[in-house]
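What follows is a short report on a single structure.
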Amino acid sequence: MALSSIEHYLSYHLRVLLPQVLSSKSSHNIAYIFALFAAITSGFVSLISLYAQPWQEHLSYSSWQINMIVTVINMGMYLTPPILGIIADIHGPITLSLSSVLGFIPSYAYLAYTFHRDHSFTNESDESFTPTLVCFFIIGVATSGLYFSALITCAKLFPGTKLLSISIPTTCYGLSSLIGSQFLRVKYFHPVDYPYLDLGRVFKAFAWIYTVIGVMIWIATSKVAQIQHEADIMEEQDRMAEPSDNDVENHYDDNEQSRLLHATHAQQMTLMKVFRDPVLYIFGATIFCALGPLEMFIANMGSLTNVLAGGHEPAMSSALLSIYALTSTLTRLGTGLTVDYFNKRQLSVKWILLLFLVVGLVTQGKIYMLSMSSLDHSHMVTINRKLFYIGIMQGIAYGGLFTIYPTITLMVWGEKMFGTAYGTLMIAPALGSALSCLIYADVYDSECANSTTRSCIAPVYETTALEFCAAILLTVVVTVLWRKRRTHI
């Protein structure tokens, strides 16, 4: 497919410049490395769990307000993939990357400004909260846009290998929390006059980081446009070299038009078949029940740690996020390798999905049991150890489920309908996380704000345990329906 006018305009100067300064192989490899950097930084939004204490103490945000921010981020991230996919298909990944950078930079710059401006001014904090929600919604959309752009770029640069096209960029995205949490330990973000993270400096740093990333992903996506443009030229040359006999050409044109019309009609029918498939929505319900509580855990990791540990523990929260991110990343990579092994042995990957769902269920039970335990401050070593185990198990469940769900989607609906099917399914975690976060906020503000007991948070994890039970039950139903259709996963 030829470059669109937008993709042609955005990539023109670099398409002309790259062959003059770099060899084709060098520019190819550099573009891939730059795309991986973009994949890493696209996940920095997951660091939001470290912002709870500064927001609560510096801007007097309630848990409800913090979870509203999380909700709008997830709405931006998960409700827009179908639209972003269409834009990428028509105008190339370069359009997504540019739009993302234009969303990140002004949003983070505004958030940095308001964090310092609104200090000790409650009224101003209240007035700036709505624009803050708008900024974080834009950041959510930009996160999906930049990640999609990086993923599509890697897939187009190395289409012949799943390791380079899918597994490595996905793993890099998982590394963002680990790298970001270590980055925020730099002393610059912890000034002497602040007993907590200086989010003004953090957001300002992010604005500069995304400026640099914008240049890098522009180069990477321009390389993709160059490859596409060269393929278009070769295709045009091949077409011009064909026999020019009028009768043969007219016959060919008639057949070609008929074939294109038939292909378009078939694609529309396949698209409608996907949307009318009831199993798609049952499968989406399992994602709703499973990923919603896991997204909520990430968003409220800081406040949950404070409740379970019995006080403000910013170091513990940061350490927990690091171990969670590392476990999640390793699980993503391990899941990909395990799926390949299962496929070679012709084993069903449904057992991998059920395993991760059971791990998620057990983790909710572990959190509930810890919240109901009678351990006091003299047992802090035991409490911290239990929190680390919980972080590891949550990371395994989150990384595994976010790898196995798109894998199963690809196996069931195929490569051509993958974007449509998976984009539709991604609405589920947006809604699930919104529900789970609002439940957490309601319980935290009403029960835990003025409580010194960790049992105040227990009702949340009674609910999330029931959600995982529902996810397991629905997964069994879906696999039975697929088996009846002779759809093997």
Side-chain angles (χ1 to χ4, degrees), residues 45-57 59-78 129 132-133 136 140 177 287-314 316-317 320-321 324 360-373 386-387 390-391 393-395 397-398 401 428-471:
V45 71
S46 61
L47 298 172
I48 193 171
S49 59
L50 302 179
Y51 306 160
Q53 185 185 0
W55 275 336
Q56 288 174 333
E57 297 190 16
L59 298 180
S60 302
Y61 282 0
S62 66
S63 179
W64 180 268
Q65 287 176 301
I66 293 173
N67 278 276
M68 279 297 296
I69 293 174
V70 175
T71 298
V72 298
I73 289 174
N74 287 328
M75 290 293 181
M77 286 176 61
Y78 296 129
F129 184 67
T132 296
L133 289 180
F136 275 108
S177 297
I287 298 176
F288 173 92
C289 293
L291 295 185
L294 295 177
E295 291 281 5
M296 179 267 290
F297 176 82
I298 300 173
N300 295 282
M301 193 182 295
S303 61
L304 178 64
T305 302
N306 293 336
V307 170
L308 297 178
H312 289 299
E313 298 286 342
M316 182 62 192
S317 299
L320 184 61
L321 179 61
Y324 168 88
L361 175 60
V362 171
T363 307
Q364 309 313 303
K366 289 284 187 182
I367 299 175
Y368 177 79
M369 291 171 63
L370 180 57
S371 68
M372 298 299 291
S373 68
K386 288 180 178 292
L387 283 173
I390 288 170
M393 293 177 70
Q394 289 278 65
Y398 186 83
L401 289 174
L431 300 177
S433 63
L435 176 63
S436 296
C437 285
L438 294 180
I439 290 174
Y440 181 95
D442 183 57
V443 172
Y444 184 91
D445 285 340
S446 61
E447 303 293 337
C448 300
N450 299 313
S451 175
T452 58
T453 62
R454 62 175 67 92
S455 61
C456 64
I457 206 66
V460 174
Y461 290 92
E462 291 178 348
T463 304
T464 56
L466 291 175
E467 288 186 75
F468 266 95
C469 288

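Throughout, numbering of the chain's residues begins at 1 and tracks the sequence.
- The side chain to side chain contact (heavy atoms under 4.5 Å, CB included) test applied to Ile69 returns Ile48, Trp55, Tyr61, Ile73, Phe129, Thr132, Leu133, Phe136, not counting sequence neighbours.
- If you take CG on Leu431 and CD1 on Ile287, they are separated by 11.5 Å, rounding to the nearest 0.5 Å.
- Closest non-hydrogen pair, Ser46 versus Ile298, comes out as O-CG2, 3.8 Å.
- Counting heavy atoms from C-beta on, the side chains of Tyr51 and Ile66 never come closer than 4.5 Å.
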Handout entry: Trace of the side-chain contact (heavy atoms from CB on, under 4.5 Å) decision for Met77 with Val45
Key = CA-CA 10 Å; Met77 286 176 61; Val45 71; 4.0 Å; yes

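- Partners of Ile390 according to the side chain to side chain contact (heavy atoms under 4.5 Å, CB included) rule, which considers only residues two or more places apart in sequence or in another chain, are Phe297, Thr363, Lys366, Ile367, Leu370, Gln394.
- Residues that satisfy the side-chain hydrogen bond (donor to acceptor under 3.5 Å, both in side chains) test with Thr71, not counting sequence neighbours, are absent from this structure.
- Residues Tyr440 and Ser303 approach most closely at OH-OG, 2.8 Å, considering heavy atoms.
- A side chain to side chain contact (heavy atoms under 4.5 Å, CB included) with Leu304 holds for exactly one of Ile457, Val460, Leu320; it is Ile457.
- A 4.5 Å side-chain heavy-atom check between Leu438 and Met68 finds at least one atom pair inside the cut-off.
- Across all non-hydrogen atoms, the minimal contact from Ser177 to Leu47 is O-CD2, 3.6 Å.
- A heavy-atom distance below 4.5 Å is found between the side chains of Ser373 and Arg454.
- Annotation: side chain of Asn300 is in contact with side chain of Cys437 (closest heavy-atom distance under 4.5 Å).
- Gln56 CD to Asn306 CG: the interatomic distance, rounded to the nearest 0.5 Å, is 7.5 Å.
- Minimum heavy-atom separation, Cys456 to Val443: O-CG1, 3.4 Å.
- In this structure, Ser455 and Met372 approach most closely via the heavy-atom pair CB-SD, 3.9 Å.
- In this structure Ala441 satisfies the side chain to side chain contact (heavy atoms under 4.5 Å, CB included) test together with Ser63, Trp64, Asn67, sequence neighbours excluded.
- Side-chain contact between Leu294 and Phe468 is present, with at least one heavy-atom pair separated by less than 4.5 Å.
- Residues Ser433 and Tyr78 bring no donor and acceptor atom of their side chains to less than 3.5 Å of each other.
- Tyr398 meets the side-chain hydrogen bond (donor to acceptor under 3.5 Å, both in side chains) test with Glu295; sequence neighbours excluded.
- Annotation: side chain of Ser371 is not in contact with side chain of Tyr461 (no heavy-atom distance under 4.5 Å).
- Under the rule for a side chain to side chain contact (heavy atoms under 4.5 Å, CB included), Met369 has no partner lying at least two apart in sequence or in another chain.
- Side chains of Glu462 and Leu466 form no contact here, defined as non-hydrogen atoms less than 4.5 Å apart.
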